[in-house]
Amino acid sequence: MPHPGPAKTAAFPAGEIHLGDNLPILQRLPSASVDLIYIDPPFNTGLTQKRTRITARRSESGTRNGFGNARYETTTVASPVYADTFDDYLSFLRLRLVEAHRLLTPTGSFFLHLDPREVHYAKVMLDQIFGRDCFRNEIIWAYDYGGKPRDRWPAKHDNLLWYSSSPTDYTFHFDAIDRVPYMAPDLVGPEKAARGKIPTDVWWITVVPTNSREKTGYPTQKPLKLLERIVRVHSNPGDLILDFFAGSGTTGQAAANLGRRFLLIDSSPDAVRVMRKRLGTS
C-alpha cells in the first residue's frame, strides 16, 4: 500500500551536481540510499539534439523587428548539443537500470522517461530487473507543440514508466496531487468543477515555451510542472532525489522547490554549466 514516510535528515548535502559518465558514479553510491529516481535519457533518435540560441542588440541596420518597429541585430551564440545515437542502446541502458534498482530505498520509486520508439523494449527490461509486480503505471505525457506531419498522426506524447522497489509499500501522497480542470465541468456541478479532478495516467502539460523564464536553452528541457508533480507525490521532505541524465537540471529545481535534496549527474559540460547556473550550486 502507499507509504507516507517521515521527513528525513540530510545524509547528503542539499544538492550536488556531478560531471562524468554516470555508471561509475552510480556504482560508488551506497545501496538503498535514494528515495526517488527520475531519468530522461537520450531517446536514441539517431539525431543531433540542439537548440539554437541568439542574442539581440538594437541597431538601425538590424534584420529583426521588435516592439514599436525597433530594429535589432541578432547573433547566434554557442548552444548545448549532443548526439542522440547509440550502437547498442538497450545494453547501455540496462547497466544503469540495474544500478538504479540497487540504489532505491525499500519504499522508493523509479521513473523512466522515453518516447514510443524504445519504451516497449525498456519495459520488458524493467520487468526483469524490478519484477513485474513492481510495475505501477505507464504515464503518458501529452503536449501539442512542434511540427505536424501530413503522412501520419502527429506524435505528441512521451511515455513514463513508474516502478517501485516494493510491490506493496511505496511512497505515494494522494492528497498532494495537483488537481486539473474537468473536461465537462457542467456534468459534475459547480462544487466539483471548482475543486478540479485528480489527473489520470494521461498528463496534459505544455512543453517549456520559447519565451518562458523557465527556458534554459538546453535541448529536450522538460517542464518544471511535470517534475514537481512526480517529486511532490512520490517523495517526502528531506528525501534524496537522483537524476543521472540530468540535462537542464529540472529534476533538481523541482526537488529544491519542494524541500528535497538532489543528486544530478550528466556527462555533458554544457549541461553541467546550465545546471550550476540554474541551481546556484557547484
Side-chain angles (χ1 to χ4, degrees), residues 1-2 36-45 93 97 100 108-127 130 132-149 152-164 167 170-189 191-210 212 214-215 219-235 241 243 245 247-248 250-251 253-255 257-258:
M1 62 181 295
L36 172 63
I37 301 174
Y38 164 92
I39 59 169
D40 172 26
F43 287 1
N44 198 29
T45 61
L93 209 52
L97 299 182
S109 287
F110 172 76
F111 282 79
L112 175 62
H113 185 151
L114 288 174
D115 73 5
R117 279 176 288 237
E118 300 283 357
V119 70
H120 47 299
Y121 300 112
K123 185 177 186 304
V124 172
M125 262 198 318
L126 286 170
D127 283 346
F130 280 78
R132 293 183 66 178
D133 58 347
C134 288
F135 171 67
R136 306 266 67 82
N137 273 116
E138 178 177 23
I139 295 165
I140 302 300
W141 171 38
Y143 46 86
D144 189 15
Y145 181 81
K148 303 291 195 298
R152 58 188 172 89
W153 298 105
K156 299 299 173 190
H157 81 272
D158 290 354
N159 307 65
L160 287 80
L161 301 176
W162 169 29
Y163 283 77
S164 56
Y170 50 89
T171 301
F172 185 81
H173 297 295
F174 180 83
D175 292 338
I177 299 174
D178 55 302
R179 291 179 175 264
V180 299
Y182 281 94
M183 296 182 68
D186 292 343
L187 297 180
V188 300
E191 184 178 343
K192 281 189 174 181
R195 187 168 66 244
K197 69 169 186 172
I198 295 296
T200 67
D201 58 1
V202 177
W203 295 359
W204 288 91
I205 300 174
T206 187
V207 300
V208 182
T210 304
S212 170
E214 189 179 325
K215 194 77 171 177
T220 70
Q221 179 182 350
K222 299 306 183 290
L224 185 59
K225 184 176 179 180
L226 178 75
L227 270 299
E228 285 188 335
R229 179 176 288 175
I230 293 171
V231 169
R232 185 184 296 111
V233 174
H234 297 276
S235 68
I241 316 299
D243 184 344
F245 290 98
S248 67
T250 303
T251 303
Q253 186 70 68
N257 289 353
L258 296 168

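All values below come from the heavy atoms of this structure, side chains included, with hydrogens, waters and symmetry mates left out. When a residue number appears, it is its place in the shown sequence, counting from 1.
- Taking 4.5 Å as the limit, every side-chain heavy atom of Leu93 sits out of range of all side-chain heavy atoms of Glu118.
- Between Val208 and Lys215, the closest heavy-atom pair is O-NZ, 3.6 Å.
- When all heavy atoms of Thr251 and Leu227 are compared, the closest pair comes out as OG1-CD1, 3.4 Å.
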Item to check | Full working for ring pair (Phe, Tyr, Trp, His ring centres under 6.0 Å) between Tyr143 and His157 | outcome: CA-CA 6 Å; Tyr143 46 86; His157 81 272; 8.0 Å; no
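- To the nearest 0.5 Å, atom CD1 of residue Ile37 and atom CG of residue Asp243 are 9.5 Å apart.
- With Trp162 as the fixed residue, the side chain to side chain contact (heavy atoms under 4.5 Å, CB included) test singles out one of Phe135, Phe110, Tyr38, Phe172: Phe172.
- Among all heavy-atom pairs drawn from Pro181 and Lys197, the shortest one is O-CE, 4.0 Å.
- Counting non-hydrogen atoms of other residues, nucleotides and ligands closer than 6.0 Å to NZ of Lys192 gives a total of 12 or fewer.
- For the pair Trp203/Val180, no side-chain contact is recorded, criterion being any heavy-atom separation below 4.5 Å from C-beta on.
- Within the 4.5 Å cutoff, the side chain of Thr171 has no heavy atoms near those of the Ser109 side chain.
- Here the side chains of Asn159 and Ile140 are in contact, with some heavy-atom distance below 4.5 Å.
- Looking at Pro223 and Val207, their side chains never come closer than 4.5 Å, going by heavy atoms from C-beta outward.
- Counting only heavy atoms from C-beta outward, the side chains of Glu138 and His120 never approach each other to under 4.5 Å.
- The shortest heavy-atom contact between His113 and Pro41 is O-CD, 3.4 Å.
- At least one side-chain heavy atom of Arg232 sits less than 4.5 Å from a side-chain heavy atom of Asp178.
- Taken to the nearest 0.5 Å, the CD1 atom of Ile139 stands 8.5 Å off from the CZ atom of Arg229.
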